[in-house]
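So that the names make sense, note that chain A is the first sequence line, chain B the second, and so on, each numbered from 1.
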Amino acid sequence: MSTLSIHNLHASIEGQSILKGLDLEVPKGEVHAIMGPNGSGKSTLAKILAGNEDYEVTEGDVLMDGENLLEMEVDERSRAGLFLAFQYPNEIPGVSNANFLRAALQARQPDGAELDAVAFYKQMYARMDELDMDRKFTARAVNEGFSGGEKKRNEILQLMMLEPKYAVLDETDSGLDIDALKVVARGVNSMRSPERGFLVITHYQRLLEYIVPDKVHVMIDGRIRRSGGRELALELEEKGYDWAREELAGAGA
Amino acid sequence: MSTLIESPPAPATPGSVLDQPAPAPEGLPEWFTARRTAAWQRFQDLPLPERTNEKWRFSRIKEASLEGFTHAAEPASLADPHAEHVLDKAVARLAFHNGHLVSADLPENQSGLTVMPLEQALRECPDLIEAHFMKSETPLGSEKFAALHEANALSGVFIHAAKGTAPEDPVEIVHYFSGCQGAHFPHTLVVGEDNAEVTVIEHFVSLDEESAFVIGVSDLAADGAARVRHAMLQRLSTSSKAILINTTSAGRDADAKSLLLNLGGAWVRTESVSHVTGTGANVNLLSASIPGTGQEFDQRTYQIHKAQHTTSDLLYKNALFDKARTIFSGLIIVDDGAHHTDAYQTCRNLLMSDHGEAHSLPGLEIKADQVKCSHGSTTAQIDPDTLLYLKARGIHDKTARKLITYGFIEEVVERFGHEAAGRLLDRFIEEKFKALGA
């Protein structure tokens, strides 16, 4: 039961079919990576898991520790323990990072209970230190005027504060220089635990040098076409996605 | 709060404001009484604004009628400034109730800073008042109402910061209003001499649900390198009406900032005119409005640049709930010779329902060279992607919407750049959201 399990997932947007029968199982305690060429449906999967209503799920189901994820509202999914690190985090003008995080944690409190503000700040500062984030980011509006790297760090800060059961990282490495990548990976690695599963979506093998996955899945045209150990990522890197497309398309049909 | 007023007082003659101006006491300067007489004549001569007048386009013009409004009666019991209504610290605080001075905490040993009721200032430093009192025209449409104000104005405050004076805390003015169909004419005059620095926080608060009509004028003058800030926190009853006329003039290298927090009132028209007259001057114009059903906020602005190397930046934000209505009409005027002007004008409307109505009429009139100007207006509902982002962190839909709206308004509060005033503004904003069920 302690898995995020996706079964025969079909999804489309504006009538165009994107996911075509995707199966995937991420147990707690493991880090799974999904690699695939542009347009293979990787980010679509992330958005559907989070509850983006632009996409229509036409078939299949997703169970999080046995609970039907697809029946939950976006905010319910998050409170139930799912976290998505956005590929393009939104800016929220006028809402400070601290207030945003407080609201997210407050939403997890039982009715009528107030979040302990002192403990909250203490924890936030400790997490920010781990991510080499300046304290000034607590007062700044969420992601507003942040560099690409700062936005991604901020996503990981949220992950660390919300302590989800399952975290989906949607191309968290895109646009990061090597130093920022290392910091982000450090944050993610510090959160690895037997109580938490990770689904790391990436186009490049590079990220997986720093966040070493237990399993690698190759996604092409809306389905997982091959799964293997981390050496699969290296093979993909070497041979390229064109090879994967020719070699693997249809293989998992 | 209505318990403050035990029973409606029985004034001698609660005359209609259309019949005669409020009687002036003895001993006021001659120029002042002459101005009142002339203004009364002007009020009678000027026609009521008409729908066809571009300056009143989209406005619910019949609301401007003063029919049935009388000179506000002196309340039977006077309200005291409520700790919840005001800043923790003020260098001086004056409170009025229906125009009557109820309390005055004035600075001791604050050399260089003069804060006194207008009537007292007229007796003690008439020349200073004469130099500034309603000197500018009212070009945005309310000249008739400005004349009525001038014919009646007596209640209000004169604030003068002499050269180099810079009190740490703001001057605070509270205007309480109560009673049925009363007309009020509060006046504020703020003068900052060279290098002075002064912040004024002004409150318009209804003590009951009755309808008041407030015709207020606040004039700010910032001389050489002075920094003058003024915030008006409008919390009238939702049956009240107001015409608020603000003129700001900024001299050489001066920095003037004005903010309007528009929360109450059934119909509130604001006219803001900035004269950027000295080289290097900078003016910031801010407004945050949160109207709900039945409320119309009609906002008209001029940013007039008269000297080189001047800047002005206007940011008006309206968060419209339910069937609220707003109008923004702004014009940047860069006079002949005011080269190297940077002038910006932004109006943003956030529609919280499908029934709100926001009209925007931005404009530019440039007669100089090497000028950077921009104007823009946007009207939108909450961005669904932003909402999704908050909800993806577990924040409930209602809280997420409130946070986004609060953040939208907060940009204005932050730009005003005064921490203590900011906290007070945030509290009133929060109360208004609550009242609107947000």
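- At a 4.5 Å heavy-atom cutoff, A/E144 makes no contact with chain B through either its backbone or its side chain.
- Only the side chain of A/R108 comes within less than 4.5 Å of a heavy atom of chain B; its backbone N, CA, C and O stay farther away.
- Residue A/P89 touches chain B through both its backbone and its side chain, counting heavy-atom pairs closer than 4.5 Å.
- Scanning both residues, A/R79 and B/I395, for their nearest heavy atoms gives NH1-C, 4.5 Å.
- The shortest heavy-atom contact between B/G394 and A/A107 is O-CB, 3.2 Å.
- Heavy atoms closer than 4.5 Å to chain A are found in the side chain of B/D383, but not in its backbone.
- The contact between A/A103 and chain B is made by backbone and side chain atoms together, counting heavy-atom distances below 4.5 Å.
- For A/K28, the NZ atom counts as densely surrounded, since its 6.0 Å shell holds more than 12 non-hydrogen atoms of other residues, nucleotides or ligands.
- For the set A/V95, A/L105, A/L84, A/V74, the count of heavy-atom pairs under 4.5 angstrom toward chain B peaks at A/V74.
- Note that CG of A/N90 and CD1 of B/I404 are 9.0 Å apart. Values are rounded to the nearest 0.5 Å.
- Closest heavy-atom contact between A/S78 and B/R393: OG-C, 3.0 Å.
- Other residues, nucleotides and ligands contribute at most 12 non-hydrogen atoms within 6.0 Å of the CD atom of A/E53.
- Within 6.0 Å of OH on A/Y125 lie more than 12 heavy atoms contributed by other residues, nucleotides or ligands.
- Contacts with chain B were tallied for A/P93, A/G94, A/A50; A/G94 has the most, counting heavy-atom pairs under 4.5 Å.
- Using a 4.5 Å cut-off between heavy atoms, B/L390 contacts chain A through both its backbone and its side chain.
- With chain B as partner, the option from A/D75, A/N99, A/V142 having the largest number of non-hydrogen pairs under 4.5 angstrom is A/D75.
- In this model, a donor atom of one side chain and an acceptor atom of the other lie less than 3.5 Å apart for A/N143 and B/Y389.
- A/E76 does not touch chain B: none of its heavy atoms, backbone or side chain, sits under 4.5 Å away.
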